[in-house]
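A, B, ... follow the sequence lines: proteins, then strands. Residue 1 opens every chain.
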4 protein chains.
Amino acid sequence: MFTLGVADSSTPTRERIVDEAMRLFGEVGYKGASVARIEAAAGLQPGSGGLYHHFSSKEEVLVVGIRRHLDRLDALRDIRRVIGDLGDTRAELKVTARYFLAELDAQAELLRILVSESRSRPQLLTEAVDKLISSTFDSFADWLVDTADGLDRDRARTVSALALGSLLSSRLLRNVLGVDALAPDDESTVEAWVDMVCGMLPSDEPRVNT
Amino acid sequence: MFTLGVADSSTPTRERIVDEAMRLFGEVGYKGASVARIEAAAGLQPGSGGLYHHFSSKEEVLVVGIRRHLDRLDALRDIRRVIGDLGDTRAELKVTARYFLAELDAQAELLRILVSESRSRPQLLTEAVDKLISSTFDSFADWLVDTADGLDRDRARTVSALALGSLLSSRLLRNVLGVDALAPDDESTVEAWVDMVCGMLPSDEPRVNT
Amino acid sequence: MFTLGVADSSTPTRERIVDEAMRLFGEVGYKGASVARIEAAAGLQPGSGGLYHHFSSKEEVLVVGIRRHLDRLDALRDIRRVIGDLGDTRAELKVTARYFLAELDAQAELLRILVSESRSRPQLLTEAVDKLISSTFDSFADWLVDTADGLDRDRARTVSALALGSLLSSRLLRNVLGVDALAPDDESTVEAWVDMVCGMLPSDEPRVNT
Amino acid sequence: MFTLGVADSSTPTRERIVDEAMRLFGEVGYKGASVARIEAAAGLQPGSGGLYHHFSSKEEVLVVGIRRHLDRLDALRDIRRVIGDLGDTRAELKVTARYFLAELDAQAELLRILVSESRSRPQLLTEAVDKLISSTFDSFADWLVDTADGLDRDRARTVSALALGSLLSSRLLRNVLGVDALAPDDESTVEAWVDMVCGMLPSDEPRVNT
DNA sequence: AATGAATGAGCTTTCATTCAT
DNA sequence: GATGAATGAAAGCTCATTCAT
């Protein structure tokens, strides 16, 4: 019989299950995605329990799926590697903003799942949030301390939280809540954001508001 | 027989049902809060269907609960009334920040519900998000245009989204995702935020970063 | 407050309950007519249990309603009183047919209920069927024996069952199953029926088929 | 574990469900036959929802069951094929009567269900009644027109309705209402019925009543 | 007499999971 | 590895009935 599902039957079943499950978890929530529906999306017979040949429970699929997302996020943990050293603060900030937004977009599915399931599965969140959020905020705070003379650690953390938070919220609103068009386009947002962060640095250079 | 529920039995049952339901929806999500559990929390016999003497469906409880929250939010729609005219931009911003954070805290429950149920009940969100988010962002953008000479409307919307977004994300992280302590305390955050916003205004006055 | 229900509020509540209940039982069946719906139809607050001030249970309403219908049927028990003695067999049969059809129409509601609930409440049927059906059939058989010389009792019972049965089925089909227009109009049916019954009598006129 | 249900566990579950469901629908009505009870009768664990692996709803079981009954009735649609051509009117009528009674007995279960559910599910009845009743009546009327010279179509329909109706009502009373023994035995009934129908035909032999 | 509120039992349906094949 | 069938538990909801007011 032919596999009529959307899933590519060349990838191993286990992978297809995780992929489709995570997609469904993002779309309709963990509770809303029944095992039968996941099976159907993965090209298995719905309700046949085929999922249990690959995972011991529905929850395990979620855990494996989240872990897989997180593995791809390890690079983000040290945002400084991304920023690099361009010798120009504004250029470095621009790269940072674009990269952070791109990452949030790439992880939109994960974000949706984390947000939906945060309350019912708090233990799942610890590692995820740490990799996705906390460490990024810390890392950016470190960069701030190094870049801006005289910025103390606490102030840097506050600035980091406000700065990255403003980008995060734009993506949470758009990708999670579905609220659109609160700001014009990404490039304007990045420009304004760079201005904003520069304005918070106790810089010695003359600042320009555009 | 004694009423063993946590709810205050002096308030009418209908109110207790909405209160407890909204609390549970925020804690464990709409699907996670079974009618039986809501009834128990409201001091009714769980599973007896007592909820249906006051509401025609579980969904109606959610709708009524959300509407009740929204009714209290009407004042927030025009944030400018709150800002008032203190004659001092920094002071006005400080008030704005504190008020916005306080509102987000007061509506933490609503936020949690909106975020959890956004995908399964998009129609419910339209009004809510508009009152809670969009109109506030717009209103603040208006204030920016009026306050800062030479700030064009698009730029003002971008600044508004970034500025309020940074406050919003701090509350989403704390009240919805449960991520704590990314920034020290509220007062430092407000201070830094005021600096930040001032830094984005094409001001004529000399600005001071503290 | 005004009573908006269809029921005439001048008749005593108890009567209104029986009336509306029987109407609903006929329309949607015993199980389909909830106590709340009966109350609403009777001008009481639905779900308030007002019915129980007049009846000890929903079933009692049915019993009382059926009994009330049956009381009106006592006259039918001796169909011979209706037929009377017109001195003309054909005329007497015509009256019989018209009367029987009219009675079945008048008791359409009762018929519907009896048919719907016959299996779940067999004890209720005994008296009803006896009054409505059996005794009528017997009574007509008696008339046949008296009217037609040489008709033995068994044959008379068979003829009665066939003759009245054909009228009964036309009403069951129309009033209970809702099947319409299997025969043109009532008067043609009556005519044909009189012919039919006359043809079955061992009349003094030459009859052909035995 | 042993299968304790009454149903033969060698027939497929789906068949057993339909069989037992139709039996129960006939006995206690559609509403009276709970899914759990049907499951138990079909040898499944009551309340486990096993029925839903074979049907999407309780209603679907009814529809499938009725359709199955109807499929067996297609032959009856043209009663003339059954009557055939025996060259003898009385003989042909005898066959007709016996066949019609036998069919009504075979479909007693279906009759009970149709009668009980006629009001709540009128759409279900259309096809059923047409196959079981209307077409049979029409078909017999056709035969009457062909057999009896000078019988016009309207009169034939009336006679058909009266004649078959008298047989139908005997079975409705016995198989649906449970009223017994209004007529002695089937053979006497058939004899009398043949007499009756012959008496209504404008035969070439001298007939008296028109 | 009437009502608002409550309740226990039952309803149809969903679903995660198991297991023999 | 995959499937069809089965199951226990729980879901949202309905309803006949009771009772204090």
Which nucleotide in E:dT12, E:dA2, F:dC15 has an atom nearest any side-chain atom of D:Val35: E:dT12
Under a 4.0 Å threshold between the charged nitrogen and the carboxylate oxygen, would A:Arg112 count as salt-bridged to A:Glu109? no
Listed nucleotide nearest any side-chain atom of D:His54, set F:dA6, E:dA6, E:dA2: F:dA6
Nearest whole angstrom, please: distance from the C1' of E:dT17 to the CG of A:Leu44. 15 Å
Closest to the D:His53 side chain: E:dC15, F:dA16, F:dT7? F:dT7
B:Gln45 side chain: which of F:dT3, E:dG8, F:dA16 is closest? E:dG8
Look at the side chain of B:Tyr52 and decide which nucleotide, out of F:dT14, E:dG8, F:dA6, has an atom nearest to it. F:dT14
Using a 4.0 Å heavy-atom cut-off, does D:Leu51 contact any base of the nucleic acid, only the sugar-phosphate backbone, or nothing at all? nothing
Within residues 57-65 of chain C: residues closer than 4.0 Å to DNA chain F (heavy atoms): C:Ser57, C:Lys58
In whole angstroms, the gap separating P of F:dG1 from CD of A:Glu39 amounts to 15 Å
Tell me which nucleotide among E:dG8, F:dG12, F:dA6 gets nearest to the side chain of B:Ser48. E:dG8
Please check if any side-chain donor atom of A:Glu60 sits under 3.5 Å from a side-chain acceptor atom of A:Ser56, or the reverse. yes
Nearest to the side chain of B:Thr13, which nucleotide is it out of F:dT3, E:dA5, F:dA6? E:dA5
